[in-house]
Amino acid sequence: FGYRDEDHALSSAPFSSLVADDREKQMQREAEGKGASTVVRHRRQGGAIALIEQKLTSIVYQGRPAVLTVNRDVTAEVESRAALVASEERFRSLFDSAPIGIALLDANRKMTVVNQTLREMLGRTHDEMRGTDAQEFTNPGQERLNEGLYRSLVDGSVRFMVRDREMVRADGSTVWSHQTTSRVEDEQGRFAFAIRTVTDISDLKRTEDALRSSQNDLMQLSMQSES
């Protein structure tokens with residue numbers, strides 16, 4: 001805790017550095033002989049708070065009842081967990097509020113997490129989509145993604161895949177989508193999951209179809225005028 005023997009007699013007052021609320025609780029635990037671990041707040045010299053995992057065990061020392069206290073500083077560990085939780089919460093918020101559809105896929109191409117945009121795009125709930133093969137939402141009339149191609153993503157032969165696919169909504173209508181599926185690895189470089197981003201390009205497809213139709217009409221008119 002940063003104290004010297006001469007300026008803080010912890011041996012004679014083992015709870016003196018505890019924050020007041022925790023001091024009372026710990027003294028109660030000692031009186032009750034509870035040995036389960038608990039995390040308490042100790043005040044370091046200078047006022048900083050240290051989080052200490054503390055375990056009290058009733059023992060007999062030199063023929064007299066005593067309490068053995070085992071302490072482990074878990075300040076960095078707790079702060080690291082708290083930072084990770086905050087980071088995960090920020091990720092979930094960004095993930096769910098993203099303006100494009102996003103899904104996480106496992107090694108078998110099943111959806112594990114689906115964000116709100118993609119759920120709304122297909123008019124389905126998270127429970128309806130979770131655990132389902134991502135290809136189940138592709139228009140049956142279209143050529144489906146070859147199983148071997150996704151396996152190549154899983155085994156690392158390819159890093160990402162890009163394609164345009166027509167997807168089927170819950171009401172049977174369709175939506176054209178631009179999809180990018182990328183491999184995500186763990187710390188050992190092994191496949192962890194795939195992340196698929198889905199952008200609604202239905203308006204673009206309709207514009208392309210209208211342009212193509214206009215070009216065909218112009219070509220027909222040109223051929224008729226020449227004849």
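In what follows, every heavy atom counts, from backbone to side chain, and hydrogens, waters and symmetry copies are set aside.
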Nearest non-hydrogen partners of [X] and [Y], listed with the distance:
X	Y	result
Ala194	Leu153	CB-CD2, 3.9 Å
Ala170	Gly123	CB-O, 3.3 Å
Arg183	Asp155	NH1-C, 3.7 Å

Are [X] and [Y] grouped together when hydrophobic residues (ILVMFWY) are joined by side-chain heavy atoms under 4.5 angstrom apart?
X	Y	value
Val184	Leu104	yes
Val113	Phe193	yes
Leu118	Met161	yes

### Query
Can we say Arg119 and Asp96 salt-bridge, meaning some charged N sits less than 4.0 Å from an Asp/Glu carboxylate O?
yes
### Query
Is it true that atom CD of Glu187 has more than 12 heavy atoms of other residues, nucleotides or ligands lying nearer than 6.0 Å?
no
### Task
For Val154, enumerate each residue passing the side chain to side chain contact (heavy atoms under 4.5 Å, CB included) test, keeping only those at least two apart in sequence or located in another chain.
Ala107, Tyr150, Arg151, Phe191
### Query
Among all residues two or more places apart in sequence or in another chain, which pass the side chain to side chain contact (heavy atoms under 4.5 Å, CB included) test with Thr132?
Glu136, Phe137
### Query
What's the verdict on salt bridge (charged side-chain N to carboxylate O under 4.0 Å, His left out) for Asp186 and Arg190, showing C-alpha distance, side-chain angles and the deciding distance?
CA-CA 5 Å; Asp186 60 18; Arg190 297 170 301 194; 3.1 Å; yes
Straight-line distance of [X] [atom1] to [Y] [atom2], nearest 0.5 Å:
X	Y	atom1	atom2	answer
Thr199	His178	OG1	NE2	6.5 Å
Asn115	Phe95	CG	CZ	5.0 Å
Thr174	Arg169	OG1	CZ	7.0 Å
Met121	Met167	CE	CE	7.5 Å
His126	Thr112	NE2	OG1	7.5 Å
Arg72	Glu77	CZ	CD	5.0 Å

### Task
Identify which one of Ile195, Val114, Thr117 satisfies the side-chain contact (heavy atoms from CB on, under 4.5 Å) criterion when paired with Ile102.
Ile195
### Task
Check the side chains of Asp127 and Thr125 for a donor-acceptor pair under 3.5 angstrom, ignoring hydrogens and angles.
no
#### Entry: Among Arg196, Arg163, Arg159, side-chain hydrogen bond (donor to acceptor under 3.5 Å, both in side chains) partner for Thr181
Arg196
### Message
Could you check whether any side-chain N or O of Asn108 sits under 3.5 Å from a backbone N or O of Lys110, counting only pairs where one atom can act as donor and the other as acceptor?
### Response
no
### Backbone of Val162 reached by a side-chain donor or acceptor of Thr180 within 3.5 Å
no
